[in-house]
Amino acid sequence: TAMTLEELSRCYEEAAVPLRARLRQLRQMLAQTEDPEEIWHIKRRIAELTPMLTQMNELAELTAHYYDRGYYRSEKYTV
């Protein structure tokens, strides 16, 4: 059976949960270290994961409200 946009939205929301948790964990690690090499690696990982979380949130929002009247759809996700 085909997945509805509402179901897809929930999938994006669920997929964002571990990303959000990992980013929180990385930020805590960053606050607790003074090792420059470790700081560099943690910041790099945060920089990689942050856009993923942003996109998950944007797609969850888009798919949840795609058919709502007056909902502004970002140009980023139009075909």
Side-chain angles (χ1 to χ4, degrees):
T1 65
M3 185 178 283
T4 66
L5 287 177
E6 187 176 327
E7 292 167 332
L8 187 58
S9 177
R10 281 195 300 274
C11 289
Y12 283 123
E13 288 171 2
E14 290 170 11
V17 171
L19 276 174
R20 199 172 290 114
R22 181 63 177 146
L23 281 164
R24 192 176 313 113
Q25 181 184 42
L26 287 167
R27 289 186 189 105
Q28 288 171 349
M29 291 169 58
L30 188 59
Q32 295 170 357
T33 188
E34 293 182 18
D35 177 13
E37 189 173 332
E38 190 174 352
I39 289 170
W40 182 84
H41 285 288
I42 293 170
K43 284 184 174 182
R44 180 176 172 177
R45 192 65 183 140
I46 288 171
E48 292 168 345
L49 294 178
T50 299
M52 293 169 135
L53 179 59
T54 299
Q55 189 171 38
M56 292 278 187
N57 290 334
E58 289 171 350
L59 289 170
E61 174 81 10
L62 174 69
T63 53
H65 300 285
Y66 190 82
Y67 293 111
D68 293 355
R69 283 194 105 170
Y71 177 71
Y72 171 77
R73 288 174 206 64
S74 170
E75 302 287 324
K76 190 181 198 177
Y77 299 108
T78 55
V79 221

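Nothing fancy with the numbering, it's 1 onward along the sequence.
T63 places a side-chain N or O within donor-acceptor distance of the main-chain N or O of A60, the cut-off being under 3.5 Å.
The shortest non-hydrogen separation linking I42 to L26 is CG2-O, 3.4 Å.
To the nearest 0.5 Å, atom CD of residue E14 and atom OG of residue S9 are 10.0 Å apart. Atom CG in L19 sits 10.0 Å away from atom OG1 in T54 (nearest 0.5 Å). Atom CD of residue E38 and atom CD of residue Q32 lie 9.5 Å apart, to the nearest 0.5 angstrom. From L23, atom CG reaches atom CE of M52 across 10.0 Å, with rounding to the nearest 0.5 Å.
Taking 4.5 Å as the limit, every side-chain heavy atom of P51 sits out of range of all side-chain heavy atoms of Q55.
The environment of E7 atom CD is dense: over 12 non-hydrogen atoms of other residues, nucleotides or ligands sit within 6.0 angstrom.
Residues I39 and M29 fall within the same hydrophobic cluster, defined by Ile, Leu, Val, Met, Phe, Trp and Tyr side chains chained together at heavy-atom separations under 4.5 Å. A single hydrophobic cluster is seen to contain both Y12 and L5, as judged by linkage of ILVMFWY side chains at heavy-atom distances under 4.5 Å, directly or through other members. When the side chains of ILVMFWY residues are joined at heavy-atom separations under 4.5 Å, either directly or via intervening members, M3 and L62 end up in a single hydrophobic cluster.
A salt bridge (Lys or Arg N to Asp or Glu O under 4.0 Å) check over residues 16-29, counting only residues at least two apart or in different chains, returns nothing. Applying the salt bridge (Lys or Arg N to Asp or Glu O under 4.0 Å) test to pairs two or more places apart or on separate chains, those with a residue in residues 41-57 are R44-E48, R45-E48.
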- prompt: Where do E61 and N57 land on the side-chain contact (heavy atoms from CB on, under 4.5 Å) test, with the steps shown first?
  reply: CA-CA 6 Å; E61 174 81 10; N57 290 334; over 6 Å; no

